[in-house]
Visitor: 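Submitted below is the structure of interest, expressed as structure tokens.
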Amino acid sequence: MKVFDILTQYYPPETGAPQNRLHSLATFLTKRGYKVRVFTAMPNYPQNKIYPGYRNKWIIREVKDGILVYRSWIYVSGSRSVLSR
């Protein structure tokens with residue numbers, strides 16, 4: 001089985017064009033027999049807060065539409081300042 005890895009900061013359930021495109025790509029490849037793994041951060045965009053269900057966790061492994069998604073802890077600042085980010 002062919003494996004395709006995607007490394008991204010943003011992935012659904014976050015909303016936005018890049019997230020949707022990457023999920024579409026992952027779904028497309030899965031339907032064609034690839035084992036797709038996504039490595040990403042805990043969802044926090046666009047509110048700059050970790051989504052409920054993902055808070056206070058270091059690593060989460062989940063399956064979304066047949067795609068393995070590995071999420072890791074990320075520091076999220078509520079500030080828009082470049083320095084604090």
Side-chain angles (χ1 to χ4, degrees):
M1 176 179 279
K2 299 175 190 175
V3 178
F4 192 89
D5 292 332
I6 297 173
L7 176 62
T8 179
Q9 184 172 351
Y10 305 112
Y11 195 75
E14 297 168 308
T15 57
Q19 296 88 322
N20 292 338
R21 286 188 200 111
L22 286 172
H23 184 66
S24 293
L25 172 64
T27 303
F28 174 84
L29 292 169
T30 299
K31 289 178 182 175
R32 278 145 188 85
Y34 284 81
K35 176 182 177 182
V36 178
R37 300 181 301 187
V38 177
F39 299 89
T40 188
M42 298 295 176
N44 64 83
Y45 180 83
Q47 295 89 3
N48 286 335
K49 293 181 185 176
I50 302 293
Y51 285 29
Y54 294 94
R55 293 182 184 140
N56 302 317
K57 298 187 176 154
W58 289 99
I59 296 175
I60 292 178
R61 177 184 178 270
E62 59 187 356
V63 178
K64 182 173 179 59
D65 299 329
I67 301 155
L68 282 169
V69 180
Y70 296 91
R71 297 184 184 276
S72 66
W73 179 86
I74 185 172
Y75 171 74
V76 179
S77 171
S79 172
R80 295 283 182 192
S81 165
V82 173
L83 186 59
S84 67
R85 290 180 171 199

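Residues: numbered from 1 along the sequence shown. Since the structure is predicted, the reported quantities are computational estimates derived from the model, not experimental observations.
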Visitor: Taking the side chain as every heavy atom from C-beta outward, state whether N56 and I50 have any pair of such atoms under 4.5 Å apart.
Guide: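 SC-SC contact between N56 and I50 ruled out.
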Visitor: Would you call the rings of H23 and Y11 parallel, tilted or perpendicular, where under 30° means parallel and over 60° means perpendicular?
Guide: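 Taking Y11 first and then H23, their aromatic rings stand perpendicular (interplane angle over 60°).
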Visitor: Counting C-beta onward and ignoring hydrogens, is there a side-chain heavy-atom pair between Q19 and T15 closer than 4.5 Å?
Guide: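 Q19 does not reach T15 side chain to side chain.
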Visitor: Might you confirm whether atom CZ of R55 has over 12 heavy atoms from other residues, nucleotides or ligands at distances under 6.0 Å?
Guide: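 Yes, CZ of R55 has more than 12 neighbouring heavy atoms, counting only those of other groups under 6.0 Å.
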Visitor: Going hydrophobic residue to hydrophobic residue with side-chain gaps under 4.5 angstrom, can you get from I6 over to F28?
Guide: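 Yes.
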Visitor: To which residues is Y10 joined in a hydrophobic cluster, defined by side-chain heavy-atom contacts under 4.5 Å among Ile, Leu, Val, Met, Phe, Trp and Tyr, whether direct or through other members?
Guide: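 Listed partners: Y45.
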Visitor: Between I74 and N44, is there a side-chain heavy-atom distance shorter than 4.5 Å?
Guide: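 Heavy-atom side-chain distance check passes, below 4.5 Å.
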Visitor: With under 30° as parallel and over 60° as perpendicular, where do the rings of Y54 and Y51 fit, or are they tilted in between?
Guide: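 Rings of Y54 and Y51: perpendicular, over 60°.
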Visitor: Please check if V38 and L25 belong to a single hydrophobic cluster, counting links between Ile, Leu, Val, Met, Phe, Trp and Tyr side chain heavy atoms closer than 4.5 Å.
Guide: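 V38 and L25: one cluster.
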Visitor: Out of curiosity, D65 CG to T27 OG1, how far, rounded to the nearest 0.5 Å?
Guide: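 The CG atom of D65 sits 5.5 Å away from the OG1 atom of T27.
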Visitor: Is the closest side-chain heavy-atom distance between M42 and V76 below 4.5 Å?
Guide: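 M42 vs V76: side chains apart.
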Visitor: I'd like to know whether NZ of K64 has more than 12 heavy-atom contacts from other residues, nucleotides or ligands below 6.0 angstrom.
Guide: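 Yes, NZ of K64 has more than 12 neighbouring heavy atoms, counting only those of other groups under 6.0 Å.
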Visitor: Applying side-chain contact (heavy atoms from CB on, under 4.5 Å) between V36 and each of I67, L68, V69, report the one that passes.
Guide: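 With V36 as partner, I67, L68, V69 yield a single side-chain contact (heavy atoms from CB on, under 4.5 Å), made by I67.
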Visitor: Going by heavy atoms in the side chains, are P43 and R71 under 4.5 Å from each other?
Guide: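 The answer is yes, as the side chains (C-beta and beyond) meet within the 4.5 Å cut-off.
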Visitor: Listed by chain and number, what are the ring-ring contact (aromatic ring centres under 6.0 Å, His included) partners of F4, not counting sequence neighbours?
Guide: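 If we apply the ring-ring contact (aromatic ring centres under 6.0 Å, His included) test to F4, skipping adjacent residues, there are no hits.
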Visitor: Under the 3.5 angstrom rule, does the side chain of S72 hit a backbone N or O of I59 as a donor-acceptor pair?
Guide: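 No, the answer is negative, given that no donor and acceptor are paired below the 3.5 Å cut-off.
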Visitor: Does T40 reach the main-chain N or O of T8 with its side chain, forming a donor-acceptor pair under 3.5 Å?
Guide: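 Side chain of T40 to backbone of T8, a donor-acceptor pair under 3.5 Å: yes, one is there.
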